[in-house]
Amino acid sequence: MIYIYNCYAGTHSSALCAAYHLKKIPNDRVPTKEEILGIDIFNKLTSKSLGKLIYHGIDEEGSQVFKLGRGLSHKMVTAMSELLLLLEGKGYEHEKVICSNASPTVPLEMTFGGLFSHKMHIDFIGVPLLVKGAQKTFPNISKLVEKTKQAAKTSTNSIEVLENKELEVSKISNIISR
């Protein structure tokens with residue numbers, strides 16, 4: 001089995017998902033600032049990493065876990081899936097692949113944190129926002145990872161793409177609730 005968590009840049013929400021999946025950070029409580037910033041690629045990738053599958057490790061069931069920064073295009077996941085189906089049709093056998101979109105879990109703090117940190121290079125504003133957002137979205141990320149693992153067990157498809165729209169964080173309610 002191969003898990004691929006994907007999001008816009010691949011350095012925040014998908015990195016969190018991979019870390020939770022691999023139990024690199026606890027999934028039974030809100031992670032600390034140090035645990036979040038200790039994730040190997042959290043807030044460390046550049047735009048040159050977009051489109052590249054980055055390996056995170058092997059989970060307790062022997063499955064490989066990757067992340068993918070797809071930029072603005074959801075078509076990248078579609079193209080990857082179509083390529084695997086094409087190869088499968090030509091007799092190439094591959095492991096089951098689960099692609100899970102982590103973007104719906106991103107709260108406003110992470111959006112602005114990524115903007116300040118990556119686009120504007122103002123880490124003293126961006127990093128605290130990213131950490132606050134990662135802590136705030138902990139329940140959503142945890143649900144997404146569990147949903148992804150469950151889909152892997154129940155799906156009969158060789159390639160499963162999860163959009164995870166039901167986990168979408170309401171950006172407006174986040175602003176109002178402050």
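These numbers come from the heavy atoms of this one structure, side chains and all, not from hydrogens, waters or symmetry mates.
- S14 places no side-chain N or O within donor-acceptor distance of the main-chain N or O of N6, the cut-off being under 3.5 Å.
- Side chains of H21 and Y5: a donor-acceptor N/O pair is present below 3.5 angstrom, by distance only.
- Going from atom NZ of K23 over to atom CD of E60 covers 4.5 Å, rounded to the nearest 0.5 Å.
- Applying the salt bridge (charged side-chain N to carboxylate O under 4.0 Å, His left out) criterion to E35, with sequence neighbours excluded, gives R29.
- Here the CD1-CD1 distance, from I58 to I2, works out to 10.5 Å after rounding to the nearest 0.5 Å.
- Annotation for C7 and S103: closest pair CA-OG, 3.4 Å, computed over non-hydrogen atoms.
- Heavy-atom minimum distance, L45 versus T11: N-OG1, 3.4 Å.
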Evaluation steps, side-chain contact (heavy atoms from CB on, under 4.5 Å), between N27 and E146: CA-CA 10 Å; N27 65 359; E146 286 310 309; 4.2 Å; yes

Worked check of side-chain contact (heavy atoms from CB on, under 4.5 Å) between I36 and N43: CA-CA 10 Å; I36 292 165; N43 202 41; over 6 Å; no

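- Hydrophobic clustering (ILVMFWY, side-chain heavy atoms < 4.5 Å, transitive): L53 and L85 are in one cluster.
- Nearest heavy atom pair, residue S117 against residue V127, reads OG-CG2, 4.2 Å.
- Taking hydrophobic clusters as Ile, Leu, Val, Met, Phe, Trp and Tyr residues chained together by side-chain heavy-atom distances below 4.5 Å, V65 does not share a cluster with I54.
- Taken from NZ in K119 to NE2 in H121, the straight-line distance is 8.5 Å, to the nearest 0.5 Å.
- Formation of a donor-acceptor pair under 3.5 Å by the E160 side chain with backbone atoms of C99 is not found in this model.
- For the residue pair Y3 and S63, the shortest heavy atom distance occurs at CE1-CB, 3.6 Å.
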Candidate pair N164 and S100, rule side-chain contact (heavy atoms from CB on, under 4.5 Å), full reasoning: CA-CA 7 Å; N164 302 313; S100 191; 2.9 Å; yes

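- Listed for the S158 side chain is no donor-acceptor partner under 3.5 Å among the backbone atoms of V97.
- Between L129 atom CG and F124 atom CZ the span is 11.0 Å, to the nearest 0.5 Å.
- L83 and I159 fall into different hydrophobic clusters, where Ile, Leu, Val, Met, Phe, Trp and Tyr residues are linked whenever their side-chain heavy atoms come under 4.5 Å apart, directly or through other members.
- Under the rule for a salt bridge (charged side-chain N to carboxylate O under 4.0 Å, His left out), the partners of E166 that lie at least two apart in sequence or sit in another chain are K147.
- Side-chain atoms of K67 never come within 3.5 Å of backbone atoms of I41 as a donor-acceptor pair (strictly under, hydrogens ignored).
- A distance-only check finds a donor-acceptor pair linking the side chain of T137 to the backbone of T105 [under 3.5 Å].
- Q150 CD to K143 NZ: the interatomic distance, rounded to the nearest 0.5 Å, is 15.5 Å.
- Residues M110 and L130 share a closest heavy-atom pair of O-CD2, 3.6 Å.
- If you chain together hydrophobic residues whose side chains sit under 4.5 Å apart, L22 and L162 fall into the same group.
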Step-by-step side-chain contact (heavy atoms from CB on, under 4.5 Å) determination, K24 to I39: CA-CA 8 Å; K24 291 182 177 181; I39 296 170; over 6 Å; no

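- The list of ring-ring contact (aromatic ring centres under 6.0 Å, His included) pairs with a residue in residues 90-118, not counting sequence neighbours, reads H12-H118.
- Atom NZ of K44 is surrounded by more than 12 heavy atoms from other residues, nucleotides or ligands within 6.0 Å.
- In this structure, the separation between CG on D28 and OH on Y20 is 9.5 Å, given to the nearest 0.5 Å.
- The two residues P107 and K136 come nearest to each other via the heavy atoms CB-CD, 4.4 Å.
- Proximity of a side-chain donor or acceptor of K96 to a complementary backbone N or O of A152 within less than 3.5 Å is detected.
- L86 and I4 are not part of a single hydrophobic cluster, where members link through side-chain heavy atoms under 4.5 Å apart.
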